[in-house]
K.L.:
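Dropping the structure in here first, questions after.
Below, chains carry the letters A, B, ... as their sequence lines are ordered, and counting in each starts from 1. Computed from a predicted model, the values in this text were never measured in an experiment.
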2 protein chains.
Amino acid sequence: MVDAHADSRTRILDAAEAIVQARGVPALTLESAARDAGISKGGLLYHYASKEALLAAMLGRLAEVMEADFAATLAAQPEGRGRAARALLASALKEPVAACVLQDRAAAVFLAAFHHDPALLDPVRAVFARMRAAIAADGLPPGVGQAIMCATDGLFMVHVFGLYTLTPAELADLRAALERLLETGR
Amino acid sequence: MVDAHADSRTRILDAAEAIVQARGVPALTLESAARDAGISKGGLLYHYASKEALLAAMLGRLAEVMEADFAATLAAQPEGRGRAARALLASALKEPVAACVLQDRAAAVFLAAFHHDPALLDPVRAVFARMRAAIAADGLPPGVGQAIMCATDGLFMVHVFGLYTLTPAELADLRAALERLLETGR
DNA sequence: GTTGAAAAACCGTCCGGACGGTATAGTTAC
DNA sequence: GTAACTATACCGTCCGGACGGTTTTTCAAC
């Protein structure tokens, strides 16, 4: 379930994420996280002194991963107008394999942290703020970048709550429509 | 807090929604809902035999309200191509007063139900399915309607989790960009 | 139009269980 | 000798739900 060779702290975080993904937020208890990480409850509390500390660490790691993913996707885009918006699209619509990995992790951590205390989301709020800044400085007509960001956020929410699923064809059409929007005003 | 003259069942549902909005999902207990509804815990359990039954009722009512709101907004749009998409936009971006009322209620019920059991969301999934069908039959180029729906869903999520807030000016730009998208291919 | 009984609406208390957190005594590896 | 644990026991709290009893409403029979 969790890589037994990773160091304890990462094993705990991995186990906690996996529990939320597999069995929902209520299933994440200190005991279950410790057990799945192959550690005792006391051992977990040695590393994370409270459940809140554990959740904060999960959030911190998620924020780092999101930031890194965005930066990497951004770097992979050709320079020029709309680069940040294109990065968002690429990140939200990348191929199925390992695509949803980040989304699923984000969903799990999101929900667990928000349930305990909405203020725990602050690190990811900071990431979103930086993304918004990048979008605003993207050289696109006003509103276009934000529209694309909202659309990718919407895809995320639809996925988190399982509201509906888009067929690959629908996804392709969606992508095409958003890319056309990206070209408006050129 | 809750209209004392409404009948007990609606008072209970109102109280439960208000609790989640004001103090979060964990604060919603049978006791707190009963107290705020001006009833005893036993009395609440007379109407809703379990917490799950209470949540299911909250979801059912939300689904009705969403359906009615969409139908009303749809009817208010001029006929013709893109009508459903325009209704979505109008509903998601209507004026501040009482605008977020539905969104806030939806957020509260959403989170509470999902936390207890994701399957409870089925009624609203059905509403989303009907919206998607309306969008698909809207006469717009492929992907455009779905893009607008995703954008409004994204606005909803951003609001639910308080990820960031758009200034009125940004909202206006966003609306303009999405309306321009609506006109593509005409 | 009174009565009387059933049905509906509701009260208040109790219990079993789970969870977060504490405490402690001991163990292993460096 | 110190960091990194294990194992276990325990505490206080809270929650969902069950239960038995009580008041209020309804409504038919007389």
Side-chain angles (χ1 to χ4, degrees), chain A residues 1-20 22-59 108-109 111-120, chain B residues 1-20 22-59 108-109 111-120:
Chain A
M1 175 175 298
V2 162
D3 180 5
H5 290 346
D7 88 315
S8 291
R9 288 181 133 88
T10 34
R11 258 173 31 226
I12 293 170
L13 298 183
D14 290 345
E17 281 182 7
I19 288 170
V20 177
R23 291 162 23 228
V25 174
L28 176 61
T29 70
L30 297 180
E31 276 175 23
S32 69
R35 179 167 17 91
D36 286 15
I39 214 177
S40 74
K41 185 180 170 181
L44 187 152
L45 284 164
Y46 173 80
H47 291 291
Y48 300 108
S50 70
K51 188 168 190 179
E52 185 157 336
L54 171 62
L55 289 167
M58 293 168 73
L59 247 295
V109 178
L111 291 170
F114 189 82
H115 180 260
H116 186 85
D117 178 5
L120 286 171
Chain B
M1 176 175 302
V2 161
D3 180 5
H5 290 346
D7 89 314
S8 291
R9 288 182 135 87
T10 39
R11 257 172 32 225
I12 293 169
L13 297 183
D14 290 345
E17 280 182 8
I19 288 170
V20 177
R23 300 179 351 246
V25 174
L28 174 61
T29 70
L30 297 181
E31 273 177 24
S32 69
R35 179 167 18 90
D36 286 14
I39 214 177
S40 76
K41 188 177 170 181
L44 187 152
L45 283 165
Y46 171 79
H47 291 291
Y48 300 107
S50 69
K51 187 168 192 180
E52 183 157 338
L54 171 62
L55 289 167
M58 293 169 71
L59 247 294
V109 177
L111 291 170
F114 188 83
H115 180 259
H116 185 85
D117 178 5
L120 287 170

K.L.:
Report the residues that fulfil side-chain contact (heavy atoms from CB on, under 4.5 Å) with A:His116, sequence neighbours left out, ordered by chain and then residue number.
P.N.:
A:Glu52, A:Leu55, A:Leu120
K.L.:
Just to verify, what does A:Arg9 make a side-chain hydrogen bond (donor to acceptor under 3.5 Å, both in side chains) with, not counting sequence neighbours?
P.N.:
A:His47
K.L.:
What closest approach, in Å, do B:Leu13 and B:Ala57 show between heavy atoms, and which atom pair accounts for it?
P.N.:
CD2-CB, 4.0 Å
K.L.:
OP1 or OP2 of C:dA9 less than 4.0 angstrom from a side-chain nitrogen or oxygen of B:Tyr46, does that happen here?
P.N.:
yes
K.L.:
Who pairs with A:Tyr48 by ring-ring contact (aromatic ring centres under 6.0 Å, His included), at least two apart in sequence or on another chain?
P.N.:
none
K.L.:
Quick one: list whatever passes side-chain contact (heavy atoms from CB on, under 4.5 Å) with B:Ala27, sequence neighbours left out.
P.N.:
B:Ile19, B:Arg23
K.L.:
Identify, with sequence neighbours excluded, every residue that meets side-chain hydrogen bond (donor to acceptor under 3.5 Å, both in side chains) alongside A:Thr29.
P.N.:
A:Ser32
K.L.:
Which pairs with one or both residues in residues 37-50 of chain A pass salt bridge (Lys or Arg N to Asp or Glu O under 4.0 Å), sequence neighbours excluded?
P.N.:
A:Glu31-A:Lys41
K.L.:
On DNA chain D, compare the nucleotides closest to B:Pro26 and A:Gly43; which residue's is nearer the 5' end?
P.N.:
A:Gly43
K.L.:
Please list, chain by chain and in numerical order, all residues satisfying side-chain hydrogen bond (donor to acceptor under 3.5 Å, both in side chains) with B:Ser8, sequence neighbours excluded.
P.N.:
none
K.L.:
Summarise how protein sits on nucleotides 20-30 of chain C as a single string, 5' to 3': B when a protein heavy atom is under 4.0 Å from the base, S for sugar-phosphate-only contact, - for no contact.
P.N.:
BBB--------
K.L.:
Reading DNA chain D in the 5' to 3' direction, which nucleotide is the first one with an atom under 4.0 Å from a heavy atom of chain A, and which is the last?
P.N.:
D:dA3 to D:dT6
